[in-house]
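First comes the structure, then the notes that go with it.
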Amino acid sequence: MMVLDPEQRLTLFDVERDAGIPLDGCEVVVAGYTGRDAELVARHVEELASHGVPEPESIPAFYPVGLESVLVAPATLVAPRGTTSGEAEPVLVRPHSGELYLGVGSDHTDREIEKTSIAASKEACAKVIGPEVWPLASVADRWDQLELRSAVGSERRPYQDAPLAALRRPEEILELIEVLLVEPGAPVVVFLGTVPLLDGEFYFGEAFAASLRDPGTGRELRCEYRVAFESTSYGEPQASSVELR
């Protein structure tokens, strides 16, 4: 796994206020199974179990990871093997100032390890955040309309495409995390969950791109990175029939 140099500061950029946002001291939580439709989420858990992925201990599920495993795009992520893939996610950021920001990132995951331990699969790969964020307040009233997309490989094969109406609202996820994992008001970065794959298959490509678009203004946040494999190199995306959580 590629990790951040501990001497390097992670900083994002508020594009509305032209200001840097340091992430020093932030806890990092990856949220899963955050779909808004509980019946569809339960059905999906059953489908994944048939592919060998264990059921989560809770729905939604929360997986803490270290800030040292977070990368700010553009970056090169070094994965432990070829069977890893990204998934586009909105990212909630609350730095020491206490203000809430919205970004876009990727919960890059080891799909082989995921079959035995979801938590371990999250820890096996770095998490990537796009360099720019918006104040959450500026888009909160349009959350359901925001468009989350991703593409994989050098040819940018369309991979995910759905509005954030498919996911629980960030305030709800943050409230749950403050009950279970972090102190209220503590600095935290939360990967808020993902949307289904377009064709239900993982692709293990050498590049990944995620975007979050506000159709009301035309603005877009992007997160793009390269993937290098420790054991296997893939020139083109490789498919797997295991479906996305």
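Predicted, not measured: the structure shown is a model, and the values here were computed from it.
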Subject >> Trace of the side chain to side chain contact (heavy atoms under 4.5 Å, CB included) decision for Leu10 with Leu67 >> reply: CA-CA 9 Å; Leu10 281 175; Leu67 182 63; 3.6 Å; yes
**OP:** Let me see the working for Asp18 and Phe13 under side chain to side chain contact (heavy atoms under 4.5 Å, CB included), right down to the final yes or no.
**Re:** CA-CA 7 Å; Asp18 195 25; Phe13 186 73; 2.8 Å; yes
**OP:** Using the side chain to side chain contact (heavy atoms under 4.5 Å, CB included) rule, take Phe191 and Tyr63 through it: C-alpha gap first, then chi angles, then the decisive distance, then the call.
**Re:** CA-CA 10 Å; Phe191 288 76; Tyr63 308 98; over 6 Å; no
Subject >> Full working for side chain to side chain contact (heavy atoms under 4.5 Å, CB included) between Leu174 and Val188 >> reply: CA-CA 9 Å; Leu174 182 59; Val188 66; 4.1 Å; yes
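If you take SG on Cys223 and CG on Leu212, they are separated by 11.0 Å, rounding to the nearest 0.5 Å. Here CZ of Arg169 is found 7.5 Å from CG of Leu136. Values are rounded to the nearest 0.5 Å. Put simply, CD on Glu171 and CG on Leu176 are 12.0 Å apart, with the number rounded to the nearest 0.5 Å. Of the inter-residue distances, the one linking Glu112 atom CD with Thr83 atom OG1 reads 4.5 Å to the nearest 0.5 angstrom. To the nearest 0.5 Å, atom CD1 of residue Ile113 and atom NZ of residue Lys122 are 11.5 Å apart. Atom CZ of Phe62 and atom CG of Leu180 lie 6.5 Å apart (nearest 0.5 Å).
With Leu146 as reference, Leu164 is the one residue of Leu167, Val104, Leu164, Leu221 to meet the side chain to side chain contact (heavy atoms under 4.5 Å, CB included) rule. Applying the side chain to side chain contact (heavy atoms under 4.5 Å, CB included) test between Arg213 and each of Gln145, Arg149, Arg222 identifies Arg149 as the sole match.
Every side chain to side chain contact (heavy atoms under 4.5 Å, CB included) that Arg226 has, sequence neighbours left out, goes to Thr76, Glu206, Ala207. Judged as a salt bridge (Lys or Arg N to Asp or Glu O under 4.0 Å), and not counting sequence neighbours, the contacts of Glu99 are Arg17.
Thr109 places a side-chain N or O within 3.5 Å of a backbone atom of Asp107 that can act as its donor or acceptor partner. For His96 (side chain) and Asp24 (main-chain N/O), a donor-acceptor pair under 3.5 Å exists by modelled atom type. Within the 3.5 Å criterion, the main-chain N or O of Ser106 finds no donor-acceptor partner in the side chain of Glu89.
Using modelled atom types and a 3.5 Å distance limit, the side chains of Gln160 and Thr194 yield a donor-acceptor pair.
Residues Leu192 and Thr34 fail the side-chain proximity criterion, which asks for heavy atoms closer than 4.5 Å. Within the 4.5 Å cutoff, the side chain of Val91 has no heavy atoms near those of the Lys127 side chain. Side-chain contact check for Ser69 versus Glu123: every heavy-atom pair is 4.5 Å or farther apart. Between Arg168 and Val41, every side-chain heavy-atom pair lies at or beyond the 4.5 Å cut-off. In this structure, the side chains of Ile173 and Leu92 stay at 4.5 Å or more apart for every pair of heavy atoms. In this structure, the side chains of Pro90 and Leu148 come closer than 4.5 Å at one or more pairs of heavy atoms. By the 4.5 Å heavy-atom criterion applied to side chains, Trp134 and Thr217 are not counted as neighbours. Using a 4.5 Å cut-off on side-chain heavy atoms (C-beta onward), Arg219 and Glu16 make contact.
Between Asp110 and Ser121, the shortest heavy-atom distance links the atoms O-CB, 3.3 Å. Residues Ala186 and Glu27 come closest through the heavy atom pair CB-OE2, 4.4 Å. Looking at every heavy atom in both residues, Cys26 comes nearest to Pro95 through SG-CA, 4.2 Å. Closest of all the heavy-atom pairs between Ala210 and Ala88 is CB-CB, 3.7 Å.
Between Tyr225 and Phe208, the ring planes are tilted. Angles from 30° to 60° get that label.
Figure legend: Arg111 and Phe204 shown without cation-pi pairing, the cationic atom not lying both under 6.0 angstrom from the six-membered ring centre and within 45 degrees of its axis.
No path of Ile, Leu, Val, Met, Phe, Trp and Tyr side chains, each step under 4.5 Å between heavy atoms, connects Phe202 with Leu198, placing them in separate hydrophobic clusters.
A salt bridge links Arg156 and Glu224; the closest N-O separation between the charged side-chain nitrogens and carboxylate oxygens is under 4.0 Å.
Glu175 CD: 12 or fewer foreign heavy atoms inside a 6.0 Å radius.
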Using a 3.5 Å cut-off and no angle test, enumerate the donor-acceptor pairs between side-chain atoms of residues 53-61 and protein atoms at least two apart in sequence or in another chain.
from  : atom 1 : to    : atom 2 : distance (Å)
Ser58 : OG     : Pro60 : O      : 2.8

